[in-house]
Structure formats: C-alpha cells, structure tokens
Student: 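Dumping the structure here so I can ask a few things about it.
Predicted, not measured: the structure shown is a model, and the values here were computed from it. Numbers here simply count residues along the sequence, with the first being 1. Reckoned from all heavy atoms, side chains included, excluding hydrogens, waters and symmetry mates.
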Amino acid sequence: MTRFIFLGAPGAGKGTQAEMLAISHNIPHISTGDILRQAVAARSELGIQAKRFIDNGELVPDSLVVGLIRERLQQSDAEPGWILDGFPRNISQAHDLNALLEQLGESYRWVIYFAVEQETLIQRMLDRGRQDDNDATVRRRLEVYEEQTTPLIDFYQAQDRLKVINGNQGVEAVAQDLQLAIAP
Ligand code: AMP
C-alpha cells in the first residue's frame, strides 16, 4: 500500500518531492494544482469554472476538486498507489477523501507534512514565477493556507498518520529525510 498525502504550504517543496518519490516508487504523482492548470489551458468546463479562483489565490470549490480526485483515483495507473499533492486542502475535503477511500476499499499510509518558514515560502514562490505566483496572489494563497489548510495538521496528527519533515533544507536533504520517514 504505497499511498501518501503530501501536506504543506505553497512553496514548501511538496511537488518536487512528490515527483521524485513517484518515479522511485512507480506510482502517479497526483497534483490537483497541475490538473486544474491543465484544465484551464485546455479551456475545459472544469478549467473555465476554476480559472478565476486560481487567479485570485482562492481555493476552487470543493465539489469541482473532489469530483476530479474521485475520477483520478479510479484510473488504472492509481491501483498500486499514489501520492496526493495539494489535496485535501481543507477539513471538508479531508472528510470527503476518507469517505471516497472507504468506498474504494483503500487507505493511505502516511500524511507527510513539509514544514517551512514563511520567508522561505515567499522567496521560493516568487523565484519560480508561475502565473499565480505574483506578489498579491502569493500573499493571499498563504493566508488561505493558514486559514483553511493548517487545521489538517492537527486532524491527521490526531489520527496518528502525520510525519513532519523539515522542508527548510535543500532538495536532497529533504528527500533523505522523507526516505527515512516512510521507511517501513
Ligand atoms: P497548487 O499548485 O497546489 O499550489 O494549486 C494552485 C491553485 O489551484 C490553488 O491556489 C487553488 O486555487 C487550486 N487548487 C489546487 N488544489 C486545490 C484543492 N485541493 N482545493 C481547492 N483548490 C485547489
């Protein structure tokens, strides 16, 4: 059962670590942010509905995101496992995910929380220069993270599923700590 949830602020390095772990474990890296950006680029119905929320640094409505995760987790490449990056993003999505996994007869092994100081987050986001990485949106995304996503840390801690990684380090050091945290 190689299923992980990656939790952390925007700019925490979840995506980079998820990408590497997905390759080494041969499981899909499922990033709701990536899927939504692709939908926006393709101008699909989902993309059209999601665009203004993404541009403003707000969360896309739960119904849209939960729907796409429900479909994605049932694709055949997700059978041996997956890494969820950027989902769930609030307590309601976490409940929806638990309900969905119960339906599918699946469960996750660990929730990995990448802890990073605020200044580092801002610098990393401004450096990577994505379209929604401008000054105002970065600030709003960090606020949304504080308000809506950080309650998940206690939520998963209470379920004894949380592993905390020091994400302030360089990519290789974080990857090493991650390997130690998930070693059986
Ligand atoms: P990310 O690449 O994870 O930083 O996501 C980029 C943007 O996509 C976020 O700022 C949100 O607007 C949207 N998004 C990604 N994942 C979710 C989610 N689980 N729930 C709601 N909105 C999301």
Student: Can you see which heavy atom on G81 is nearest to which on P28, and at what distance?
Tutor: O-CD, 3.3 Å

Student: Any link between I30 and V40 through a network of hydrophobic side chains (Ile, Leu, Val, Met, Phe, Trp, Tyr) touching at under 4.5 Å?
Tutor: yes

Student: Taking all heavy atoms of Q169 and all of A173, pick out the closest pair and write down the distance.
Tutor: OE1-CB, 3.6 Å

Student: Which value, rounded to the nearest 0.5 Å, describes the distance between K51 atom NZ and D55 atom CG?
Tutor: 3.5 Å

Student: Just do the ring-ring contact (aromatic ring centres under 6.0 Å, His included) check on F4 and H29 with the steps written out, would you?
Tutor: CA-CA 10 Å; F4 302 104; H29 163 208; over 10 Å; no

Student: Does the pair E172 and Q176 meet the rule for a side chain to side chain donor-acceptor pair (under 3.5 Å), with working shown?
Tutor: CA-CA 6 Å; E172 289 306 324; Q176 265 182 23; over 6 Å; no

Student: Can you measure from CZ (R141) to CD1 (I122) and round to the nearest 0.5 angstrom?
Tutor: 11.5 Å

Student: Please answer whether the main-chain N or O of L97 pairs with a side-chain N or O of R70 as donor and acceptor at a distance below 3.5 Å.
Tutor: no

Student: Under the ring-ring contact (aromatic ring centres under 6.0 Å, His included) rule, what pairs show up with a residue in residues 53-91, not counting sequence neighbours?
Tutor: none

Student: Measuring from atom CD of Q157 to atom CG of L152, what distance do you get when rounded to the nearest 0.5 angstrom?
Tutor: 12.5 Å

Student: Does V174 share a hydrophobic cluster with M125, counting links as ILVMFWY side-chain heavy atoms below 4.5 Å and allowing steps through other members?
Tutor: no

Student: Does a donor on one side chain sit under 3.5 Å from an acceptor on the other, for D177 and N166?
Tutor: no

Student: Would D34 and D85 satisfy side-chain contact (heavy atoms from CB on, under 4.5 Å), going step by step from the backbone distance to the final call?
Tutor: CA-CA 9 Å; D34 285 349; D85 162 17; 5.6 Å; no

Student: Any link between L121 and Y113 through a network of hydrophobic side chains (Ile, Leu, Val, Met, Phe, Trp, Tyr) touching at under 4.5 Å?
Tutor: no

Student: Heavy atoms, side chains only, cut-off 4.5 Å: are L46 and L68 in contact?
Tutor: yes

Student: Mark yes or no for whether Q17, through its side chain, and V171, through its backbone, hold a donor-acceptor pair below 3.5 Å.
Tutor: yes

Student: Is it the case that the ring center of F6 lies less than 6.0 angstrom away from the ring center of F114?
Tutor: yes

Student: Between Q74 and L104, does a side-chain contact (heavy atoms from CB on, under 4.5 Å) hold up when you go through it step by step?
Tutor: CA-CA 8 Å; Q74 293 182 76; L104 299 176; 3.8 Å; yes

Student: Quick check: are there more than 12 heavy atoms from other residues, nucleotides or ligands sitting under 6.0 Å from CD of E143?
Tutor: yes

Student: Determine the minimum heavy-atom distance between N90 and L59, stating which atoms define it.
Tutor: ND2-CD1, 4.0 Å

Student: Quick one, P88 and I5 - any side-chain contact, counting heavy atoms below 4.5 Å?
Tutor: yes

Student: Side chains of D133 and D127, heavy atoms from C-beta outward: is any pair under 4.5 Å?
Tutor: no

Student: How long is the gap from CD1 on I112 to CD1 on I83, to the nearest 0.5 Å?
Tutor: 9.5 Å

Student: Looking only at non-hydrogen atoms, find the nearest pair between L36 and A50 and report the distance.
Tutor: CD2-CB, 4.0 Å

Student: Between the side chains of Q123 and E119, does any donor sit under 3.5 Å from an acceptor?
Tutor: no

Student: Keeping the roles fixed (side chain from T149, backbone from R89), state whether a donor-acceptor pair exists under 3.5 Å.
Tutor: yes

Student: Out of curiosity, H95 NE2 to F155 CZ, how far, rounded to the nearest 0.5 Å?
Tutor: 4.5 Å

Student: So do L21 and I27 actually touch side chain to side chain, heavy atoms under 4.5 Å?
Tutor: no

Student: Work out which heavy atom in S92 is nearest to a heavy atom in D62; give both atom names and the distance.
Tutor: OG-OD2, 3.4 Å

Student: Please confirm whether the backbone N or O of I54 pairs with a side-chain atom of E58, one donor and one acceptor, at under 3.5 Å?
Tutor: no

Student: To the nearest 0.5 angstrom, please state how far the NE2 atom of H25 sits from the CZ atom of R3.
Tutor: 13.0 Å

Student: Taking the side chain as everything from C-beta on, heavy atoms only, tell me whether I165 gets closer than 4.5 Å to K14.
Tutor: no

Student: Could you tell me which non-hydrogen atom of R43 sits nearest to which non-hydrogen atom of I48, and how far apart they are?
Tutor: O-CD1, 3.5 Å

Student: Please lay out, stage by stage, how D135 and R140 fare under the test side-chain contact (heavy atoms from CB on, under 4.5 Å).
Tutor: CA-CA 9 Å; D135 225 12; R140 182 60 194 145; over 6 Å; no

Student: Below 4.5 Å, heavy atoms only, C-beta onward: do Y156 and P151 meet side chain to side chain?
Tutor: no

Student: Test of understanding: clusters of I, L, V, M, F, W, Y form through side-chain heavy atoms closer than 4.5 Å, transitively. Do L64 and V144 belong to the same one?
Tutor: no

Student: Could you tell me whether the side chain of I35 reaches within less than 4.5 Å of the side chain of V65, counting heavy atoms only?
Tutor: no

Student: Could you check whether R72 pairs with D77 (Lys NZ or Arg NE/NH1/NH2 to Asp/Glu carboxylate O, under 4.0 Å)?
Tutor: yes

Student: Look at the side chain of R124 and the backbone N and O of G11, then say whether any donor-acceptor pair between them is shorter than 3.5 Å.
Tutor: yes

Student: Would a 4.5 Å heavy-atom cut-off, applied to side chains only, mark L142 and R139 as touching?
Tutor: no

